[in-house]
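So the structure is just underneath, and the comments pick up after that.
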Amino acid sequence: MALMRRCAPLFARCIKIPPMTLQSQKIHRWVAPTLVELKRREKKLGGKKTNPRNTFLEWNLEAELYAFGKRLNEEFDSDLLLQAFTDRTYIIKEEMKQKEMGVDIPMKDNMELIAEGEKFINEYVQLYLETVLPKFPLEGVNEVRNYLTNEDRLAKISLSLGTKDIILAAEYPVDNYILANTFKAIVAALLESTSEERAAHFVRDFVITQLQGKDVNEYWNIEDPWTMLTGILEKDGSKVEPRLIGEVGKNTLLACYRIGLYVNKKMISEGFGEKIEIAKEMAAREALKRIFGTEDHMKPINFKISGIPKGSSQERYQIASN
């Protein structure tokens with residue numbers, strides 16, 4: 001032990017322990033109050049103002065339109081594409097400026113292209129959904145189409161294509177209404193520049209593919225699934241019989257009932273719920289999904305249909321009428 005005590009200082013000298021350094025942020029105390037004061041002054045002046053890109057010195061509208069078509073791998077007519085990006089509010093603003101200066105330069109807005117594009121999108125999406133969902137009732141198809149073509153959805157697609165900085169409008173930033181209308185006008189410009197098939201594929205790739213990973217049954221709210229189910233089965237001469245096939249936690253807050261629906265002594269679906277009525281309704285919904293071909297394990301929607309598909313059959317309208 002005495003020898004170890006004598007050698008301990010020698011061992012300590014041989015072993016070098018690196019010094020520990022503590023990193024500090026080195027943020028001065030005046031930074032936070034300064035940022036708060038700058039934010040307060042900015043808010044007092046009306047908030048942060050974002051200037052449109054077309055007001056910058058290096059802005060080149062012709063180059064931006066050319067690059068827009070190349071990014072999408074589409075061939076647009078330059079005049080039609082410029083018209084698609086020109087909102088009516090911008091035309092009114094420019095006409096007032098020209099009137100003050102005493103000049104008259106004719107300009108076209110995108111109102112006609114918007115109407116044409118909206119009609120083409122609605123018709124094509126309707127035909128496409130009727131083709132990929134052959135057993136889905138017409139009411140359900142209409143609800144899915146309304147979801148795909150609503151203003152917010154088209155505005156989000158338009159924004160993802162990079163149209164916000166190219167749109168010519170009186171106010172900036174543009175709202176969802178102008179973004180959605182611009183997308184419709186772009187579809188019409190592509191339709192007139194190329195062909196119906198090319199425009200259809202454009203709508204398919206950017207609009208219909210929004211259904212990827214989605215449940216189409218969520219967009220159609222069936223108020224009384226039991227009545228709809230019995231009406232469809234009675235048309236085929238069948239009668240559905242609900243049976244209670246399981247229950248857990250009866251008369252408690254965690255109660256769960258299991259209802260099975262039988263046709264000709266064969267179970268076609270089952271549903272669960274905290275009440276018997278809810279379980280019966282869920283079972284009816286599952287049975288309707290099976291009839292319409294939109295069950296949870298359905299085959300994925302085909303997003304590779306070329307051209308413009310044909311319309312629906314007469315059987316669809318008969319199912320929808322029930």
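Remember, it's a predicted structure, so these values are computed and weren't measured experimentally.
Residue S238 comes nearest to N264 through the heavy atom pair OG-ND2, 4.4 Å, listed as atom of the first residue, atom of the second, then distance. Contact record, I186 with A84: N-CB, 4.0 Å, taken as the closest heavy-atom pair. When all heavy atoms of A283 and S269 are compared, the closest pair comes out as O-OG, 2.8 Å. A199 approaches V187 most closely through the heavy-atom pair CB-O, 4.3 Å. Between S193 and D77, the closest heavy-atom pair is OG-N, 3.0 Å. Among all heavy-atom pairs drawn from T131 and P309, the shortest one is OG1-CB, 3.1 Å.
E274 CD to L253 CG: the interatomic distance, rounded to the nearest 0.5 Å, is 11.0 Å. Atoms NZ and CG, on K119 and L191 in that order, are 11.0 Å from each other to the nearest 0.5 Å. If you take CG on N110 and NZ on K108, they are separated by 12.5 Å, rounding to the nearest 0.5 Å. The CD atom of E62 lies 9.5 Å from the CG atom of L82; values are rounded to the nearest 0.5 Å. The CD1 atom of I291 sits 10.0 Å away from atom OG1 of T294, with the distance rounded to the nearest 0.5 Å. Between the CG atom in L113 and the CG atom in L190 there is a gap of 11.5 Å [rounded to 0.5 Å].
Under the 3.5 Å distance criterion, the side-chain polar atoms of D175 are matched with a main-chain donor or acceptor of I178. Using a distance-only test at 3.5 Å, with no hydrogens or angles considered, a donor-acceptor pair links the side chain of H201 to the main chain of G307. With hydrogens and angles ignored, the 3.5 Å screen pairs a side-chain donor or acceptor of R204 with a backbone N or O of I305.
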Would F136 and V144 satisfy side chain to side chain contact (heavy atoms under 4.5 Å, CB included), going step by step from the backbone distance to the final call? CA-CA 11 Å; F136 207 44; V144 178; 4.2 Å; yes
Please report the C-alpha distance between F120 and V203 in whole Å, then the side-chain angles of each, then the deciding distance to 0.1 Å, and finally whether the side chain to side chain contact (heavy atoms under 4.5 Å, CB included) criterion is met. CA-CA 9 Å; F120 180 81; V203 175; 4.2 Å; yes
List the steps and the verdict of side chain to side chain contact (heavy atoms under 4.5 Å, CB included) for E75 and K70. CA-CA 8 Å; E75 296 295 334; K70 292 303 178 182; 3.1 Å; yes
Go through the steps to decide whether F68 and F85 satisfy the test ring pair (Phe, Tyr, Trp, His ring centres under 6.0 Å), and finish with yes or no. CA-CA 11 Å; F68 178 81; F85 279 101; 5.2 Å; yes
E118/I121 under side chain to side chain contact (heavy atoms under 4.5 Å, CB included): CA gap, chis, key distance, verdict: CA-CA 5 Å; E118 182 177 9; I121 292 174; 5.9 Å; no
Pair E295-R290, salt bridge (charged side-chain N to carboxylate O under 4.0 Å, His left out): steps then yes or no: CA-CA 5 Å; E295 55 269 36; R290 184 176 180 181; over 6 Å; no
When you look at T86 and D109, which way does the side-chain hydrogen bond (donor to acceptor under 3.5 Å, both in side chains) test go after all the steps? CA-CA 5 Å; T86 306; D109 56 38; over 6 Å; no
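Hydrophobic clustering (ILVMFWY, side-chain heavy atoms < 4.5 Å, transitive): L154 and I114 are in distinct clusters. The same ILVMFWY cluster, assembled from side-chain heavy atoms under 4.5 Å apart, contains both I157 and F303. A single hydrophobic cluster is seen to contain both V263 and L244, as judged by linkage of ILVMFWY side chains at heavy-atom distances under 4.5 Å, directly or through other members. I91 and L168 fall within a single hydrophobic cluster, where Ile, Leu, Val, Met, Phe, Trp and Tyr side chains are chained together by heavy-atom contacts under 4.5 Å. In the hydrophobic clustering of this structure, M111 does not group with V174; members are Ile, Leu, Val, Met, Phe, Trp, Tyr whose side-chain heavy atoms approach within less than 4.5 Å, directly or through other members.
A donor-acceptor pair shorter than 3.5 Å can be found between the side chains of T163 and S158. Side-chain contact, K214 with Y147: a donor N or O sits under 3.5 Å from an acceptor N or O. Checking Y172 against D165 by side-chain atom types alone, a donor-acceptor pair falls below 3.5 Å. Side-chain N/O atoms of D152 and N150 include no donor and acceptor closer than 3.5 Å. Side chain to side chain, Q126 and E130 meet the donor-acceptor criterion of an N or O pair below 3.5 Å. Checked by atom type, the side-chain pair T89/D87 shows a donor-acceptor distance below 3.5 Å.
The side-chain heavy atoms of V216 and I301, taken from C-beta on, include a pair separated by under 4.5 Å. At a threshold of 4.5 Å between non-hydrogen side-chain atoms, the residues V240 and W226 count as touching. The closest side-chain heavy-atom distance from M267 to I245 is below 4.5 Å. For the pair M282 and E270, the minimum side-chain heavy-atom distance is 4.5 Å or more. The shortest distance between side-chain heavy atoms of Y219 and L211 falls below 4.5 Å. Side chains of L288 and I232 form a contact here, defined as non-hydrogen atoms less than 4.5 Å apart. Looking at heavy atoms from C-beta onward, Y257 lies out of side-chain contact with K280 at the 4.5 angstrom threshold. Looking at heavy atoms from C-beta onward, I222 lies in side-chain contact with W220 at the 4.5 angstrom threshold.
The residues E234 and K239 are annotated as not salt-bridged, no charged nitrogen and carboxylate oxygen being separated by less than 4.0 angstrom. Ionic pairing of R258 and E247 is not present here: no N-O contact between side-chain nitrogen and carboxylate oxygen is shorter than 4.0 angstrom. Salt bridge status for K289 with E286: present, with a side-chain N to carboxylate O gap under 4.0 Å. R145 and E123 are not joined by a salt bridge, as no carboxylate oxygen comes within less than 4.0 angstrom of a charged side-chain nitrogen. The residues E37 and R41 are annotated as salt-bridged, a charged nitrogen and a carboxylate oxygen being separated by less than 4.0 angstrom.
In this structure, E112 places its CD atom where only 12 or fewer heavy-atom neighbours from other residues, nucleotides or ligands lie under 6.0 Å away. For CG of N302, the number of neighbouring non-hydrogen atoms (other residues, nucleotides, ligands) closer than 6.0 Å is greater than 12. The local environment of CD in E58 is crowded, with over 12 non-hydrogen atoms from other residues, nucleotides or ligands closer than 6.0 Å. Counting heavy atoms of neighbouring residues, nucleotides and ligands inside a 6.0 Å radius, atom CD of E171 does not exceed 12 of them.
Side-chain rings of F206 and F183 stay apart, their centers remaining 6.0 Å or farther from each other.
Between Y124 and Y128, the two ring planes are tilted [angle within 30° to 60°].
Cation-pi geometry between R243 and Y262 is met: under 6.0 angstrom from the ring centre, within 45 degrees of the axis.
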